[in-house]
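Notes for the one structure printed next.
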There are 2 protein chains.
Amino acid sequence: MTTTERASVSSLEDPSPEAAREAIAKGTEREALVTVFGRCTVDYEGRASSRLAEGDRHVMLKPDGATLVHTDEGQQPVNWQPPGCDHDVRCVREKGTDALVLESVRKTPEERLLVRFRDVLQVSSFAGSDENELALSGTEEDLRQRILEEPTLLEPGFRPLATERDTPAGAVDIYGEDTAGRAVVVELKRRRVGPDAVSQLRRYVDALARDLHADAAVRGVLVAPSVTERAERLLAEHGLEFVSLEPDPE
Amino acid sequence: MTTTERASVSSLEDPSPEAAREAIAKGTEREALVTVFGRCTVDYEGRASSRLAEGDRHVMLKPDGATLVHTDEGQQPVNWQPPGCDHDVRCVREKGTDALVLESVRKTPEERLLVRFRDVLQVSSFAGSDENELALSGTEEDLRQRILEEPTLLEPGFRPLATERDTPAGAVDIYGEDTAGRAVVVELKRRRVGPDAVSQLRRYVDALARDLHADAAVRGVLVAPSVTERAERLLAEHGLEFVSLEPDPE
DNA sequence: GTGTTGATATCGTTA
DNA sequence: TAACGATGTCAACAC
């Protein structure tokens, strides 16, 4: 979507393969968002490989190189290519008819998406402008702010000393001290947590204990809205603690 | 996309808000895939909350209840609602002009997406059929098959005994024995692994050792194309092993 | 570029 | 329904 005075749309219905090819090429050249709807097969080869037999699908080509193939179901595209790809459009003579082929290719990793249309029902090009970015709240970062502003939410007397404190196992969300001067490692999760989060906290506690010096007492506290039962058992097993708290979604 | 003889598209350009509302309502009623392009704001309230100021965007309403809002950049939609939502379309009198409002709502969790169009440039409805499903290869499941068919790939004499063997920490990918009769826990990853995979393997090995009986010797083997350095250190630290192997993408 | 982690992750499977 | 783990996860950020 190039920045134009006003957004614009141009659209073709039931185009010939050659007319479709031309419209798509023109749209991508103009840096427009291009959509194609029709009957197609989809093949992918790269990090994995996949094949999708014929069906009616909606294909979106973005000017940043992304490709999305959507069916009528699911939030996720049935197939796709990430931004940074090169789009190619061409007509191919196949079995006595002209087919329209879309190809999206990238390197590192080398992968290729091929959409072969037996029939194109609509091609549209959308040009517009979008200067604004999404403002999101209720994230882990918001949870961190909440605790830093009011450390007593974690426990009375807790003193935050650093965020993203580095350890051999990675960066700790919040590092601080309790009233007794013991080191406290805090791991934050914005939603209910499972065993993976406990393992993560455990790695940090172990690494920090070793880093400070032999058998330093390091407490580990997991902060999240809630925990699963298996995670709770794991916490107890490893002498880790849990505080129920959630990000302020306001 | 209802199953029809042949796919069909109906499209409106520069419709009035009321004409757009009618076309969208008709499309969703017919279980078609509906797209709307125009200038809009987007608000989300639910697991988190977000606000997106005015811009030109492409909105897709799927008959399964999913909603996708795309800008001209990125593989991911700038905002969305998962399948299972109820779509609602209406015209609202605002600041002396008619605005078109799309609302997608679901419960559990309760969340709501509001797209408010100041200007609609195109509404399209797509009906078609798609009976075929994606065939994907090069997954973790393929890697498992490869090892089960040729256990010596893991190590000479390895004997698989079970897949998805249950432990208190979760199900083990492959459980087996080595030539010495020792229990072996195998964790598979289709791509290069980091510290999280090592922690996962460690949880399984610990749980199984405890489950079998006190101080049973249980080996843990991580199978993946490669490991990061930190993961390698963690493996060594906990006496776990690594075998380099990747899924056959053919 | 690789490494690490968060995400309104999404998705599928299973208890 | 919740829980758990895979994903061609994606995306942001650090190094």
Side-chain angles (χ1 to χ4, degrees), chain A residues 44-50 66 73-84 106-113 134 136-144 164 166-167 169-173 187-197 200 203-204 226-231 247 249, chain B residues 42-50 66-68 73-84 106 108-113 134 136-144 164 166-167 169-173 187-197 200 203-204 226-232 247 249:
Chain A
Y44 162 79
E45 190 74 45
R47 285 169 289 172
S49 65
S50 70
E73 287 185 346
Q75 174 172 342
Q76 294 307 125
V78 66
N79 221 321
W80 70 91
Q81 200 67 299
R106 75 160 172 169
K107 322 213 160 188
T108 61
E110 185 157 332
E111 46 188 358
R112 173 186 315 270
L113 182 73
L134 188 77
L136 181 66
S137 64
T139 63
E140 184 181 302
E141 175 59 25
D142 293 312
L143 180 54
R144 176 186 345 202
E164 300 298 320
D166 217 34
T167 74
V172 167
D173 281 341
E187 174 63 29
L188 308 171
K189 295 293 169 189
R190 66 169 301 282
R191 64 170 197 175
R192 184 172 173 86
V193 292
D196 52 337
Q200 197 183 342
R203 288 203 307 272
Y204 296 154
S226 59
V227 283
T228 67
E229 200 193 312
R230 201 122 81 183
Chain B
V42 186
D43 291 274
Y44 162 77
E45 189 73 44
R47 287 167 287 171
S49 65
S50 70
T67 303
L68 301 169
E73 286 185 347
Q75 173 172 343
Q76 295 306 125
V78 66
N79 220 321
W80 69 92
Q81 201 64 298
R106 75 160 170 168
T108 63
E110 185 156 329
E111 47 187 358
R112 172 186 316 270
L113 182 73
L134 188 77
L136 180 67
S137 65
T139 63
E140 183 182 302
E141 174 59 25
D142 293 313
L143 180 54
R144 174 183 347 198
E164 299 297 321
D166 216 36
T167 74
V172 167
D173 281 341
E187 175 63 30
L188 308 172
K189 295 292 168 190
R190 65 168 299 282
R191 62 171 200 176
R192 185 172 174 84
V193 292
D196 52 338
Q200 197 183 340
R203 286 203 306 272
Y204 295 154
S226 59
V227 283
T228 68
E229 199 192 314
R230 198 121 80 183
E232 196 166 30

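Quick note on labels: first sequence line is chain A, next is B, and so on, each numbered from 1. The shown structure was predicted, so the numbers you read here are calculated from the model rather than taken from an experiment.
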Distance check needed: [N] [atom2] versus [X] [atom1], whole Å only.
X	N	atom1	atom2	answer
A:Arg144	C:dG6	CZ	C1'	11 Å
B:Arg47	C:dA9	CZ	P	5 Å
A:Asp166	D:dC13	CG	P	18 Å
B:Leu143	D:dT7	CG	C1'	14 Å
A:Leu134	D:dA12	CG	C1'	14 Å
A:Gln75	C:dG12	CD	P	11 Å
A:Glu73	C:dT10	CD	C1'	15 Å
A:Gln76	D:dC10	CD	P	10 Å

Any heavy-atom pair between the side chains of [Y] and [X] that's under 4.5 Å?
X	Y	result
A:Glu45	A:Glu111	no
B:Thr228	B:Arg192	yes
B:Pro247	B:Thr139	no
B:Glu187	B:Val172	no

**Message:** I'd like to know if A:Lys107 and A:Glu110 make a salt bridge, using a cut-off of under 4.0 Å between side-chain N and carboxylate O.
**Reply:** no

**Item:** Nearest-angstrom distance, P atom, D:dT7 to C:dA7
**Value:** 22 Å

**Request:** Test side-chain contact (heavy atoms from CB on, under 4.5 Å) on B:Lys189 and B:Gln200 and set out the steps.
**Result:** CA-CA 11 Å; B:Lys189 295 292 168 190; B:Gln200 197 183 340; 3.1 Å; yes

**B/S/- contact track for nucleotides 1-6 of chain D, protein heavy atom under 4.0 Å** = S-SSSS

**Asked** Is A:Trp80 near enough to D:dC10 that one of its side-chain N or O atoms lies under 4.0 angstrom from OP1 or OP2?
**Response** yes

**Prompt:** When we call it a touch if two heavy atoms are under 4.0 Å apart, what does B:Pro109 touch: a base, just sugar-phosphate, or nothing?
**Reply:** nothing

**Message:** When you measure from the side chain of B:Arg190 to the backbone of A:Arg47, do you find a donor-acceptor pair of N or O atoms at a distance under 3.5 Å?
**Reply:** yes

